Engineer: 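Handing you this structure, nothing more for now.
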Amino acid sequence: MNVRRSAAVLAAAVAIGTATPAVAASPSPSPSLPSGLYGSGDPTYDGVWRQSLALIALYRAHAEPAAAAVDWLAGQQCESGAFPAFRANPAKACDAKLMVDTNSTAAAAQALSAVGGHGSAVTKAVTWLKSVQNKDGGWGYTPGGASDANSTSVVIGALKASGDDPAKALKGGKSPYDALLKLSLPCADGGAFAYQPDKKGKLTANADATAAAVVGALGQSMVSVKAGDKKNAACTDAARPTPGDAAANGSAYLAKAVAKDGHLTSALPGSENQPDYGNTADAVVALAAQGGPVAAREPLAWLERNAAKWAEQNGPAAYAQLILAAEAGGADPSDFGGTDLVEQLTATGPAPVTASQDDSDTSVWWMVGAGLAAGAGVGFLLSSRNKRKQP
């Protein structure tokens with residue numbers, strides 16, 4: 001998932017960079033890291049995305065994030081409601097040179113919805129997303145870009161998390177589910193989803209797009225993926241397929257894809273095939289959303305045995321993906337193959353205020369108050385304590 005976001009940004013830049021001023025000039029290779037951000041890597045292409053995933057994962061694991069981390073994400077939003085991949089100077093108003101995108105905006109909307117207290121920001125983000133919806137009912141990575149399965153699915157998640165019904169988000173009479181159905185392949189081609197059609201309109205099975213689209217077609221968000229109770233049966237073509245039919249077929253495709261080795265495989269040009277940890281984690285979420293934890297048992301077990309090093313090398317978004325997979329698959333993210341994913345993710349960002357820190361601060365104030373009371377009387381101490389209890 002993380003690699004796909006970077007690749008999508010670069011692809012968008014190549015596609016529209018010479019036709020519109022929406023793409024910024026080449027960024028600094030090593031921007032100074034802002035306070036509140038998770039991870040130590042260059043945030044230029046994935047700052048908002050990885051921050052959003054981190055906050056969503058912590059929410060799913062019932063862990064309290066630092067206020068600075070939430071504030072950082074909220075501060076990335078433009079006045080229009082959209083989010084860029086990274087906004088180096090939040091104090092400066094967004095302009096046409098700053099490229100905003102649907103994926104960052106939809107992920108941020110889900111994250112801010114999860115942490116609460118940012119209803120206005122979520123509403124503005126969703127309103128912007130609806131304003132750039134394509135006539136086929138879907139979304140591309142950039143406003144006006146051809147609809148793709150991943151972008152459409154993450155926007156469905158944002159709509160769901162905000163309380164909107166994705167089926168009622170219509171453009172030209174088409175809903176996001178209509179867009180996903182157009183990207184669903186027949187069983188003769190595996191029943192998977194394509195990322196988007198090629199120049200000739202041909203659809204090609206894509207495991208990453210399929211994992212995202214299964215969750216999207218089921219109308220779920222990253223914030224609240226619920227375990228399904230439908231078996232991942234063999235692919236079945238229907239005369240008039242529903243989003244549920246497409247999700248079931250996509251899930252069957254993923255189940256078959258992970259059956260041999262327990263994981264999805266990534267084939268990069270010029271290199272040998274290797275395990276795709278991120279997409280395998282996404283596949284676990286999709287399989288569980290369709291068929292429950294039992295459907296995701298084998299790839300989840302493979303991740304528990306093998307993914308710790310990958311997550312350590314790739315940082316907060318990787319830890320977040322594993323937490324989401326663990327939560328969906330019924331595993332314990334605090335003991336995932338011997339690794340406390342929540343602790344590791346938290347360690348990549350600003351430290352949250354813990355109960356022990358609160359107690360320590362309270363103890364200090366009690367001692368100060370006691371000293372003042374000795375010289376000024378009990379009434380002053382009681383007054384100070386009452387003031388400290390006020391919000």
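The figures here come from the full heavy-atom set of this structure, side chains too, leaving out hydrogens, waters and symmetry mates. Values in this document were obtained by computation on a predicted structure and should not be read as measured data.
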Engineer: Could you please spell out the steps behind the ring-ring contact (aromatic ring centres under 6.0 Å, His included) verdict for Trp49 and Phe83?
Structural biologist: CA-CA 10 Å; Trp49 179 259; Phe83 283 77; over 10 Å; no
Engineer: So that I can tick it off, tell me whether Asp198 and Lys202 are bridged by a salt bridge, with the cut-off set at under 4.0 angstrom between side-chain N and carboxylate O.
Structural biologist: no
Engineer: Quick one: are the ring centres of Tyr319 and Trp310 less than 6.0 Å apart?
Structural biologist: no
Engineer: Does the side chain of Ser153 pick up a donor-acceptor pair with the side chain of Asn150 at under 3.5 Å?
Structural biologist: no
Engineer: In this structure, are over 12 heavy atoms from other groups packed under 6.0 Å from Lys171 atom NZ?
Structural biologist: yes
Engineer: Quick one: does Gln344's side chain have a donor or acceptor within less than 3.5 Å of a partner on Glu312's backbone?
Structural biologist: no
Engineer: So do the side chains of Pro166 and Tyr177 get within less than 4.5 Å of each other, counting heavy atoms only?
Structural biologist: yes
Engineer: Just by distance, do the side chain of Gln76 and the backbone of Arg87 share a donor-acceptor pair under 3.5 Å?
Structural biologist: yes
Engineer: Please confirm whether the backbone N or O of Leu181 pairs with a side-chain atom of Ser184, one donor and one acceptor, at under 3.5 Å?
Structural biologist: no
Engineer: Go through it in stages, so that I can follow the logic: the residues are Asp245 and Arg240, the test is salt bridge (Lys or Arg N to Asp or Glu O under 4.0 Å), and I'd like the CA-CA distance, side-chain angles, deciding distance and then a yes or no.
Structural biologist: CA-CA 9 Å; Asp245 294 331; Arg240 291 187 176 183; over 6 Å; no
Engineer: Tell me whether Val126 is reachable from Leu170 by hopping between hydrophobic residues (I, L, V, M, F, W, Y) whose side-chain heavy atoms are closer than 4.5 Å.
Structural biologist: no
Engineer: Main chain of Trp139, side chain of Thr102: is a donor-acceptor contact present, judged purely on distance under 3.5 Å?
Structural biologist: no
Engineer: Counting distance only, does the side-chain N/O of Arg50 pair as donor-acceptor with the main-chain N or O of Gly315 below 3.5 Å?
Structural biologist: no
Engineer: Between Ser151 (side chain only) and Asp148 (backbone N and O only), is there a donor and an acceptor less than 3.5 Å apart?
Structural biologist: no
Engineer: Quick one: does any side-chain atom of Ser221 pair with a main-chain N or O of Val223 as donor and acceptor, under 3.5 Å?
Structural biologist: yes
Engineer: Please work out which of the three classes, parallel, tilted or perpendicular, describes the rings of Trp72 and Phe86, given edges at 30° and 60°.
Structural biologist: parallel
Engineer: Under a 3.5 Å distance rule, please check whether Gln290 uses its side chain to pair with a backbone N or O of Ala227 as donor and acceptor.
Structural biologist: no
Engineer: Report yes or no: does Asp101 contribute a side-chain atom to a donor-acceptor pair with the main-chain N or O of Ser104 at less than 3.5 Å?
Structural biologist: yes
Engineer: Between Lys160 and Asp165, does any NZ, NE, NH1 or NH2 come within less than 4.0 Å of an OD or OE carboxylate oxygen?
Structural biologist: no
Engineer: Would you say that Leu303 contacts His263 through its side chain, given a criterion of any heavy-atom pair below 4.5 Å between the two side chains?
Structural biologist: no
Engineer: Please check if the side chain of Gln220 supplies one atom and the backbone of Gly157 the other of a donor-acceptor pair under 3.5 Å.
Structural biologist: no
Engineer: Would you say the side chains of Ser147 and Asp136 form a donor-acceptor pair under 3.5 Å?
Structural biologist: yes
Engineer: Just checking Lys174: does its NZ atom have more than 12 heavy atoms from other residues, nucleotides or ligands closer to it than 6.0 angstrom?
Structural biologist: no
